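As the structure is a computational prediction, the values presented were derived from the model and not from experiment.
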Amino acid sequence: AYFYAGGALRASKVIGNAYQQGFAYRTMADIDLRKNRIEGALGKYWKILSLAEAVDNRFLEVSTLHRVGNAFIRLNQPDSALKYLTKNVEVARQFGYGNELDKAFKLIADAYAQKKLLPEALEYQSRYIKLHDSLYDQRNGEQLALMQARFETALKEAEIQLLKKD
């Protein structure tokens, strides 16, 4: 994946597509973070945030901020994590990015727990659970509506085929 993301990064630089560059950097940074190369991941995350600002892309920004927070938590720097996660909550709320807000709440709870501030950790864990359950219910409702629409379409198609036979 790292190899292909590098290729995508090179191609997106050639065509001048900042969003695609950000996405390629994000993929590479996520791999770095997973392999515990945290400083390398942060370097890429800074590039992404710079690109997001240059093209005024809030989704690219918000999808990176919680990753920066996670990296700082892994470096045992919860105060730095909280700085970026608080900004993440602000932007996610402003633009309605529920999934990113969900991740931020979970990571804020982790940061407060790391600081041994258990009441704050519990507060954000509760916010995370409430939002996570709400998003889960929303996704399930959407899937159920889609299944219902497919069923009704298939039923109408069957009725049409029966009428054509008569």
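Residues Leu60 and Phe23 share a closest heavy-atom pair of CD1-N, 4.3 Å. Across every non-hydrogen atom of Asp102 and Leu131, the tightest pair is N-CD2, 3.5 Å. Of all the heavy atoms in Ala5 and Ala24, the pair that sits closest is O-CB, 3.5 Å. Of all heavy-atom pairs spanning Leu33 and Arg67, the tightest one is CD2-O, 4.5 Å. Listed here is the closest heavy atom pair of Ala111 and Pro78: O-CB, 3.5 Å. A pairwise comparison of heavy atoms in Gly69 and Tyr84 identifies N-CB, 4.4 Å as the closest pair.
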Practice problem: Please assess Trp46 against Val68 for the test side chain to side chain contact (heavy atoms under 4.5 Å, CB included), listing each intermediate value before the final yes or no. | Solution: CA-CA 9 Å; Trp46 302 141; Val68 171; 3.6 Å; yes

Exercise. Go through the steps for Leu155 and Glu159 under the test side chain to side chain contact (heavy atoms under 4.5 Å, CB included), then give the verdict.
Key: CA-CA 6 Å; Leu155 188 61; Glu159 287 176 13; 4.0 Å; yes

Quiz prompt | Steps toward side chain to side chain contact (heavy atoms under 4.5 Å, CB included) verdict (Gln20, Ile15) | solution = CA-CA 10 Å; Gln20 298 243 339; Ile15 63 171; 5.6 Å; no

Quiz item: Would Asp32 and Glu39 satisfy side chain to side chain contact (heavy atoms under 4.5 Å, CB included), going step by step from the backbone distance to the final call?
Solution: CA-CA 8 Å; Asp32 283 344; Glu39 295 298 333; over 6 Å; no

Quiz item: Between Lys106 and Asp110, does a salt bridge (charged side-chain N to carboxylate O under 4.0 Å, His left out) hold up when you go through it step by step?
Solution: CA-CA 6 Å; Lys106 175 70 171 112; Asp110 293 345; 3.2 Å; yes

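Residues Phe72 and Leu42 form a side-chain contact, since some pair of their non-hydrogen atoms from C-beta on lies under 4.5 Å apart. In this structure, the side chains of Gln77 and Gln114 stay at 4.5 Å or more apart for every pair of heavy atoms. For the pair Leu49 and Glu53, the minimum side-chain heavy-atom distance is 4.5 Å or more. Between Arg74 and Asn36 the shortest side-chain heavy-atom distance falls below 4.5 Å. Side-chain contact between Arg26 and Lys44 is absent, with no heavy atoms from C-beta onward closer than 4.5 Å. Tyr128 is not listed as a side-chain neighbour of Leu107, based on a closest heavy-atom distance of 4.5 Å or more. Taking the side chain as every heavy atom from C-beta outward, Ile48 and Gln21 never approach each other to under 4.5 Å. Residues Tyr19 and Phe59 are in side-chain contact: their nearest non-hydrogen atoms beyond the backbone lie under 4.5 Å apart.
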Contacts under 3.5 angstrom, residues 85-100 side chains, donor-acceptor by atom type, not counting sequence neighbours:
from   : atom 1 : to     : atom 2 : distance (Å)
Thr86  : OG1    : Leu82  : O      : 2.7
Asn99  : OD1    : Arg139 : NH1    : 3.2
Glu100 : OE1    : His66  : NE2    : 2.8

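One finds the CD atom of Gln143 at 8.0 Å from the CG atom of Leu146 (value rounded to the nearest 0.5 Å). Separating the CG atom in Leu51 from the CG atom in Asn17 is a distance of 10.0 Å, to the nearest 0.5 Å. Distance check: Leu101 CG to Ile108 CD1 gives 8.0 Å after rounding to the nearest 0.5 Å.
No side-chain donor-acceptor contact under 3.5 Å links Glu157 and Gln161.
Ile73 and Ile38 fall into different hydrophobic clusters, where Ile, Leu, Val, Met, Phe, Trp and Tyr are joined by side-chain heavy atoms under 4.5 Å apart, directly or via other members. Note on Tyr25: it clusters hydrophobically with Val62, by side-chain heavy-atom contacts below 4.5 Å among ILVMFWY residues. A continuous path of hydrophobic side-chain contacts links Leu135 to Tyr124 [ILVMFWY only; heavy atoms under 4.5 Å]. Residues Tyr136 and Ile129 are members of separate hydrophobic clusters, defined by side-chain heavy-atom contacts under 4.5 angstrom among Ile, Leu, Val, Met, Phe, Trp and Tyr. One hydrophobic cluster, built from ILVMFWY side chains closer than 4.5 Å, cannot hold both Phe105 and Leu118; they sit in different ones.
Within 6.0 Å of OH in Tyr4 there are 12 or fewer heavy atoms belonging to other residues, nucleotides or ligands.
One finds no salt bridge joining Asp30 and Arg34 here, because no Lys/Arg side-chain nitrogen approaches an Asp/Glu carboxylate oxygen to under 4.0 Å. Under 4.0 Å is where a charged nitrogen must lie from a carboxylate oxygen, and between Glu61 and Arg58 at least one such pair does. Under the 4.0 Å criterion applied to side-chain N and carboxylate O atoms, Arg127 and Glu123 are assigned as salt-bridge partners.
Checking side-chain atoms of Ser126 against main-chain N and O of Leu122 turns up a donor-acceptor pair under 3.5 Å.
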